[in-house]
Amino acid sequence: MYEFAYHRPSSLADAAKLILEAGDNGKLMAGGQTLIPTMKQRLASPGTVVDLGALKDLAGIKVEGNAVAIGATTTHAAVAASKDVQAKIKALAELAEGIGDRQVRHLGTIGGSIANNDPAADYPAAVLGLGATITTNQRKIAADEFFKGLFETALKPGEIITAVGFPVPEKAAYMKFRNPASRYAIVGVFVAKTAGGVRVAVTGAGQGGVFRVPDMEKALAGNFSAKAIEGVKVAATSLNADIHASAEYRAHLIGVMARRAVTAAG
Amino acid sequence: MPTVNLTVNGKAVSANVEARTLLVNLLREQLGLTGTHVGCDTSQCGACVVHVDGKSVKACTLLAVQANGSKVTTIEGLASGDKLHPMQEAFREHHGLQCGFCTPGMVMSAVCLAQNHPNLTEKDVREGLEGNLCRCTGYHNIVQAVLAGAQAMRR
Ligand SMILES: Cc1cc2nc3c(=O)[nH]c(=O)nc-3n(C[C@H](O)[C@H](O)[C@H](O)COP(=O)(O)OP(=O)(O)OC[C@H]3O[C@@H](n4cnc5c(N)ncnc54)[C@H](O)[C@@H]3O)c2cc1C
Ligand code: FES
Ligand code: FES
């Protein structure tokens, strides 16, 4: 890892100022569970790192009316263990519990996960599948506008995620076919029946990262059952192929995981 | 160079480090606590697990400066004098190690797991140790050791 200047600001305003000053050469750091491995491999070599770890206001979970707001630096372990999340959006607590391993969950954060937008990460499926809203230090961004492709998001340089608001669904479930070594999703499908309709979001499979499956959403809107989507196929053409799974296999798994998620949602 | 102040195994420690110094390097190279191992470059093996403020974390994936102000416990901090911690004793008793390279990380992960689960099942242990790899044992005796160690910790 190359040496860098390290800052640990104690206010959001200072963090915003430091990261803007650092320009292209700066990186925010939350749990470091993606950034540090990438820096160790020298895939990233920021000159300045702005650590959000001292911003205690950014961590925490609040139920606000019919929504659950999760602070950006809330760890995966805290989301998994939260009685509020378990009671309101069990699928989200279970998703968090399935990320990586206990040690990664003790440090990794929701803000870091969605800012990174790894095509195999779990949280993007929940954020898109539930139609969450991402709050930053500048604005609010709807999930449908947030994920822009592989490791790409709508965040502007220096923009800091402060919280993610999840509307409480009628029912929801997440099913992941995971890579047994890393636990990342080979295919993960989040299905939710919400006030705004049924949403189906797929992670792990798309060449452009997380995506929705409108044909499944339509079929499930009329009949929320695994049977309703038995005939719905996702084309393999825009799916990933790698040593873990071919595009055709991923296309097949999307159907299997989606049906399991619908059944689990009940 | 940044200065970090830590409490390591109950003792106050102050050290000058580069920003890029990983906690595991501070522990091993500057503090001489070589019980914490490094088994990979990819944050996957768990040989480096220590407790930071009571939570098991990978010391190879945490900067020393991030841990500033924290309480760190390493494998060297578990025993009291000559008396092994119940989890260490259980690994010995149940043959939970062969070469021993993964063992410090296994024990540290297991202690944190047991502290947070009052009634560990075999499934909890297998899931709880997913971040710890062992090339030797096939895990069976490690799981038996952790179940026994967790029970002994409650006594
Ligand atoms: C062994 C291992 C296994 C893993 N398995 C999984 C898995 O199964 N599923 C999964 O989804 N993930 C997995 N991960 C990744 C893990 O969930 C990370 O914690 C997560 O992707 C990044 O969160 P972080 O807080 O660690 O972010 P960091 O590593 O600190 O940052 C990641 C990126 O996000 C940016 N960032 C961080 N916080 C903010 C913010 N508030 N606003 C704007 N930008 C921000 C940073 O600048 C950086 O570019 C795994 C990681 C490891 C090491
Ligand atoms: S040395 Fe392998 S996970 Fe830390
Ligand atoms: S005992 Fe040799 S790696 Fe586990």
Side-chain angles (χ1 to χ4, degrees), chain A residues 1-10 26-56 73 75-78 80-81 94 97-109 112 178-184, chain B residues 1-4 17-25 36 38 40-70 105-106 108-117 120 124-133 146:
Chain A
M1 193 189 310
Y2 292 106
E3 183 59 342
F4 51 85
Y6 173 81
H7 299 283
R8 194 176 170 86
S10 50
K27 271 269 177 211
L28 296 167
M29 182 165 84
Q33 299 303 288
T34 293
L35 185 60
I36 294 174
T38 356
M39 287 169 67
K40 283 165 72 174
Q41 313 279 341
R42 296 186 172 176
L43 294 170
S45 49
T48 300
V49 169
V50 179
D51 183 354
L52 303 174
L55 306 181
K56 297 290 173 240
T73 59
T75 62
H76 309 330
E94 288 173 351
E97 181 71 25
I99 297 175
D101 54 60
R102 284 186 91 233
Q103 285 65 245
V104 168
R105 294 194 292 272
H106 280 151
L107 292 174
T109 70
R178 60 181 209 172
N179 177 322
S182 73
R183 264 83 63 189
Y184 275 102
Chain B
M1 252 200 251
T3 305
V4 292
V17 296
E18 289 185 308
R20 65 176 164 176
T21 304
L22 299 167
L23 179 62
V24 71
N25 296 123
T36 304
V38 175
C40 73
D41 287 334
T42 50
S43 305
Q44 280 176 315
C45 76
C48 61
V49 172
V50 301
H51 297 179
V52 172
D53 292 333
K55 287 185 183 140
S56 58
V57 301
K58 295 175 184 176
C60 75
T61 314
L62 185 72
L63 303 173
V65 284
Q66 274 178 288
N68 194 12
S70 306
M106 285 286 179
M108 295 312 286
S109 290
V111 168
C112 179
L113 185 66
Q115 283 166 345
N116 286 282
H117 281 75
L120 276 182
D124 295 333
V125 174
R126 288 189 183 275
E127 284 175 6
L129 293 182
E130 277 184 329
N132 293 80
L133 303 182
V146 175

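Values in this document were obtained by computation on a predicted structure and should not be read as measured data.
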For A:Gln41 versus B:Asp41, what's the shortest heavy-atom pair and its separation? NE2-O, 3.2 Å
Output for pair (B:Glu127 CD, A:Glu97 CD), nearest 0.5 Å, gives 7.5 Å
Quick check: closest heavy atoms across A:His106 and B:Cys112, and the distance to 0.1 Å? CE1-SG, 3.8 Å
Grab the two heavy atoms, one from B:Thr61 and one from A:Gly32, that are nearest each other, plus how far apart they are. CG2-O, 3.9 Å
Hey, what do you get for CD (B:Glu18) to CZ (A:Phe4), rounding to the nearest 0.5 Å? 9.5 Å
To the nearest 0.5 angstrom, please state how far the CZ atom of A:Arg102 sits from the CG atom of B:Leu129. 9.0 Å
With a 4.5 angstrom heavy-atom cut-off, is it the side chain or the backbone of A:Met29 that approaches chain B, or both, or neither? side chain
Kindly list each side-chain donor-acceptor pair under 3.5 angstrom involving residues 43-51 of chain A, sequence neighbours excluded, with atom names and distances?
unit_1, atom_1, unit_2, atom_2, d
A:Asp51, OD1, A:Gly53, N, 2.7
A:Asp51, OD2, A:Tyr6, OH, 2.5
A:Asp51, OD2, A:Arg8, NH1, 2.7

Of all heavy-atom pairs linking A:Gln103 and B:Ser56, the shortest is OE1-OG, 2.7 Å
Would you check, one step at a time, whether the test side chain to side chain contact (heavy atoms under 4.5 Å, CB included) holds for A:Asp101 with B:Asn132? CA-CA 9 Å; A:Asp101 54 60; B:Asn132 293 80; over 6 Å; no
Count the heavy-atom pairs under 4.5 Å between each of B:Gly131, B:Ala19, B:Gly128 and chain A, then report the option with the highest count. B:Ala19
Between B:Ser109 and chain A, with a heavy-atom cut-off of 4.5 Å, which part of the residue counts as in contact: side chain, backbone, both or neither? both
Give the C-alpha distance, both sets of side-chain angles, the deciding distance and a yes or no for side chain to side chain contact (heavy atoms under 4.5 Å, CB included) between A:Leu107 and B:Leu62. CA-CA 9 Å; A:Leu107 292 174; B:Leu62 185 72; 4.0 Å; yes
Quick check against the 3.5 Å criterion: does A:Lys40 have a side-chain atom that pairs as donor or acceptor with the backbone of B:Cys60? yes
What part of B:Leu133 gets within 4.5 angstrom of chain A, counting heavy atoms only: side chain, backbone, both, or neither? neither
Could you have a look at B:Asn68, B:Leu113, B:Val49 and say which one has the most heavy-atom pairs with chain A under 4.5 angstrom? B:Leu113
Hey, does A:Thr75 have a side-chain heavy atom less than 4.5 Å from the side chain of B:Lys55? no
Contact part of B:Glu130 toward chain A, heavy-atom cut-off under 4.5 Å: side chain, backbone, both or neither? both
Against chain B, label A:Arg183 side chain, backbone, both or neither, depending on which of its atoms sit under 4.5 Å from a heavy atom there. side chain
